[in-house]
Amino acid sequence: MSDTPSQFRINHVAIVVPDIDAGLAFWRDALGLPVGERKRVAQEAVDIAFLEAGEAHLELVQPISEDSGIAQYLAKKGAGMHHLCLEVDDIEAAMQRLRAHGAQLLNDTPKERDGIRYVFVHPRSTGGVLLELYELPR
Ligand code: CO
């Protein structure tokens with residue numbers, strides 16, 4: 001074992017639901033996870049509720065328009081796990097390494113929201129899980 005801590009940490013797991021309040025009835029009320037922020041992310045056309053699970057979060061994601069990517073996902077696949085998000089130190093380096101290994105990225109350059117830079121990796125490359133990578137602001 002190396003003394004160097006892994007650069008990778010689970011930031012969040014996102015679960016798509018048709019109704020956040022119904023989702024909270026399980027994750028908050030039955031299971032007992034503390035709820036953090038609830039917010040609307042207009043650029044993704046979703047409402048989100050964050051639940052705290054140790055140092056990571058669960059995000060319940062509810063589409064608020066019919067034509068967003070996540071609404072189409074919900075219509076096609078139903079509610080369930082949508083993606084896993086890992087933090088990386090250097091998102092460009094991670095993207096370059098993934099490309100060199102033939103992985104398919106869903107955006108060519110990192111997107112940005114609230115100072116967080118992020119990219120998605122196609123489930124085809126990961127064994128069936130949509131993967132998001134985060135580079136947090138320093
Ligand atoms: Co995410």
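Counting starts at 1 for both ligands and their atoms, following the listed order.
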For this session: Output yes when R97 and D90 qualify as a salt bridge under the 4.0 Å nitrogen-oxygen rule, no when they do not.
Result: no
Problem set entry | Neighbour count >12 (heavy atoms, 6.0 Å) for atom CD, Q43 |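 Counting neighbours around CD of Q43, more than 12 heavy atoms of other residues, nucleotides or ligands fall under 6.0 Å, so yes.
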For this session: Give a yes or no on this: more than 12 heavy atoms of other residues, nucleotides or ligands lie within 6.0 Å of atom NZ of K77.
Result: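 For K77, atom NZ is not crowded (no more than 12 foreign heavy atoms under 6.0 Å).
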Seminar exercise, completed: Tested for side-chain contact (heavy atoms from CB on, under 4.5 Å) against E135, the lone hit among E112, M95, R117 is R117
Problem set entry | Atoms named by residue and atom, protein N, O or S, within reach of the Co ion (ligand 1) (under 2.8 Å) | H12 NE2, H83 NE2, E132 OE1
For this session: Could you tell me if the ring centre of H12 sits under 6.0 Å from that of F50?
Result: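 No - the distance between ring centres of H12 and F50 does not fall below the 6.0 Å cut-off.
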Problem set entry | Any side-chain donor near an acceptor of the partner, Q62 and D47, under 3.5 Å |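 The criterion, which ignores hydrogens and geometry beyond distance, is not satisfied for D47 and Q62.
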